[in-house]
Asker: 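Quick one: the structure is below, questions incoming.
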Amino acid sequence: MPQRLRGLAELLDAHVISRREFLRRTALITGSTAAGLHVLGRMAQAQGGPKLRVWLFKSYVTAGNDILARQVETWARERRVQLEVDWATFGDREQKFVAAIEAGNPPDLAEMNYQGPLRYRPALRDVTTLAREIAGARGGLLPYADRVMQLNGQYFGIARQAFGGGLHIRKDLVAEKGLKMPKVYDPDVIDVAKKCQDPSKDLWGFGQTLNRCDDGNGFMQNILWDYGGSAWDKDGKPALATTYLRQNTEALQFAVDTIQKHKVQPPGVMSWTDPSNNEAYMAGKLVCTNNGASLYYAMVAKKHALADKTQVLLTPGGPAGSFVFAGTYNWGIFKQTKHADLCEDLVRWVEDEKRFEEYMKASIGQAGAVYRSRAEHPYWKTDPNFEGMLQNVMRSVWPGYPGPITPAAIEVQAQYVLCDMAGRVVVGGLSPEAALKEAHKRIEDIHRIRSRG
Amino acid sequence: MAVPAAELGTRAGLNGRAVGLRRLLGPDYRMGYLFVAPIAFFVLSLVGYPFCYAIYLSMTHKLVGLPPVFVGFENYIRLTGDGFFQRAVVNSFVFTFGSVGCKLVLGVVMALVLSSHIRWRSFWTGVLLIPWVAPTVVSALNFLWIFDGSLGVLNYLLVRVLHVLPQGVGWLSEPGTAMASVVAVNVWRGFPFFGISFLAGMKAIPAELYEAAAVDGAGALPRFRHVTVPGLKNIMIIVVLLSTIWTFNDFQIVYILTKGGPGGTTMVMPVLTYETAFGAQRLGEAIAVALYLLPALAVTIMVLARYMRKGRKR
């Protein structure tokens, strides 16, 4: 094209053609070239197969991320699909989903967390058939995962894994003091923390933030259950300062006491975010901390000196038992996709047992079981620390427990209402009862608004 | 061909109006409309439409993936009685006016120092501009590390090196220090803008005024009060006005340092808007949070703008 245009320019310079003729011919050449390129592009696209946009979740377990990405790319090559992979992280996942759904441009397939099936239901396809097919071939879904994936028998997510974790504790320090491993928070964890800590050396007994982050949220929710309380009653109605006021007050008091009375938490713990306890533990400043398996993974992967000195225990409990919530990660197929069959094929591909096994082994305990057969996999016997991680996942309940999982229960989590409640006592100076009543009002508001549908 | 009298009258009327407009707006007034049309189109489509749509959405119950349901002023009424929102409003004013006040004082000091005869003035000017030039995200992440209770450099210096404190302070986690810390970071980032603007303003004040004041026996303080401050008044108003708007809408510093925590101690309006939109995923209410204080801010801006124009007329 440039040669032909240059030729025309020369003709114009030599006054062989008029300026009008030059413009006419130039437009013709440019237009026909653009049209030709467009047709060629379409042909190339047709040859390359359909295009699929897939969002994967980037966890802290980087080896697992790499394996999943590779598996997805291999599938695309085999099926001759043009793949556009994007990553969502802990920090930007919900923002991306909200923006894409509202802009009418969601991906075809996405790896979502436990909130996805209920929150993005209007934009998601009903995947009941596939979810049942995959679960059926794996001995069925574990009850906690089943609760989160479906609403009234309709599945909006295909379960993949649940992040295992537990109480990461310095077994060398515990042994040095001749103590037993803790089973409940009060008095076990407090006792171990007090006896093992040495603030003069900046070593603190327990590292558990109550700040606005997933770690704070998880702990606050668990501790209410551990004391027999909850933010919700059996019918899914707010119960923070009503049905379970006494139990919740005791639980909140204990959480606050770890900072104010027992003084086993490091300074600044109320400003911690999710990675803070990982950093503090790996820096040797904590005796114990609750965390997902990503902390153990990081230590093992980096051959950190504390990896061998760490034991991962079942998350401690309280007077009413030991409760945890392990969020189920899952695949969601969006309504707007033109290639639902391909999305389903990709889900079958990555959930294939051999491929999942490869992913699970690289994840060092993080890829917790959501299906019965995966919970029985011999892998979970290969490291003593995996036992606690697996059992934590197996006994998981769900947001809203002891009632049903509801959009309101998920929003209470997402808005960090329970963390704010603890913060109002620790930082705001409110009494636990006053903070519970204040948080209860917020929960009632959320319940009222979400009840509209 | 005969033309009806009524038609003649209409034409005469139209011609008369056109002549009137031409006399009023100039002979090329039609061309003027043509020139103004593109910018009017862009302003209406890029500012007017989104703004009106935002006002509409703020009056709806809008959840992600679902169509909005009109609820009138319900969102605004609910917010008015919401204790968490009320604290966010108070925090926003504390954060904004605390920051702007400190930046004003530090900016004046910076301008006075840089306008005096110090060595390496250009070098110091460049150094003092670094906080303003550095990306906010980078600065905020650095301060997050500096303020960290366990691993932060500030506690390390105060406890281990200088031995000023027996134990580290939770700068971002204690009631007395959390808001002060986020204000400090905002001040650190914003005061160079004040200083450089005031410095430019000071250069425009005629030296004769200072000489005359000195001849009249005025010392440094009276010269500052009666020459510098009046000379800088207009710039001060503009800078304070701009900084108030920017600080009120500052999201990054607070979000990165505290996410509005602990317990909502540092929750400000932009962070609450973000949390309501992406955490709660209630888009209508999130926009209501964002728009709630718009009238108050608009009145402040109008009053300040009018005051500035009045000063200029004088």
Asker: Heavy-atom distance under 4.5 Å to chain A: side chain of B:L283, backbone, both or neither?
Answerer: side chain
Asker: Among A:K335, A:R119, A:E102, who wins on heavy-atom pairs under 4.5 Å with chain B?
Answerer: A:R119
Asker: Is it true that the side chains of A:N217 and A:Q221 contain a donor and an acceptor less than 3.5 Å apart?
Answerer: no
Asker: Using non-hydrogen atoms only, which part of A:K441 is less than 4.5 Å away from chain B: side chain, backbone, both, or neither?
Answerer: side chain
Asker: Tell me, for A:A123 versus chain B, whether the close heavy atoms (under 4.5 Å) come from the side chain, the backbone, both or neither.
Answerer: neither
Asker: Report the option among B:P262, B:A178, B:G149 that has the most heavy-atom pairs separated by less than 4.5 Å from atoms of chain A.
Answerer: B:P262
Asker: Side chain from CB out, backbone as N, CA, C, O: work out which of these in A:D202 comes under 4.5 Å of a heavy atom of chain B, or both, or neither.
Answerer: both
Asker: Which atoms of A:Q115 are under 4.5 Å from chain B, going by heavy atoms: the side chain, the backbone, both sets, or neither?
Answerer: neither
Asker: Given heavy-atom pairs under 4.5 angstrom as the criterion, report whether the side chain, backbone, both or neither of A:T209 touches chain B.
Answerer: neither
Asker: Using a cut-off of under 4.5 Å on heavy-atom pairs, state which of B:G168, B:S173, B:G170 scores highest against chain A.
Answerer: B:S173
Asker: Can you tell me which portion of A:R448 sits under 4.5 Å from chain B's heavy atoms? Options are side chain, backbone, both or neither.
Answerer: side chain
Asker: So which residue, B:M267, B:K62, B:R78, B:E174, ends up with the most heavy-atom pairs under 4.5 Å with chain A?
Answerer: B:R78
Asker: Given heavy-atom pairs under 4.5 angstrom as the criterion, report whether the side chain, backbone, both or neither of B:F147 touches chain A.
Answerer: neither
Asker: With a 4.5 Å cut-off on heavy-atom pairs, point out which of A:E438, A:E94, A:E279, A:M421 contacts chain B the most.
Answerer: A:E438
Asker: Would you tell me whether B:T266 and B:T258 have side-chain atoms, one donor and one acceptor, within less than 3.5 Å of each other?
Answerer: yes
Asker: Considering only heavy atoms, which portion of A:Q95 lies under 4.5 Å from any heavy atom of chain B: side chain, backbone, both, or neither?
Answerer: both
Asker: Between B:E275, B:Q167, B:Q281, B:E285, who has the most heavy-atom pairs with chain A when the cutoff is under 4.5 Å?
Answerer: B:Q281
Asker: Is it the side chain or the backbone of A:R442 that comes within 4.5 Å of chain B heavy atoms, both, or neither?
Answerer: side chain
Asker: What part of A:I410 is in contact with chain B, defined as an atom under 4.5 angstrom from a non-hydrogen atom: side chain, backbone, both or neither?
Answerer: neither
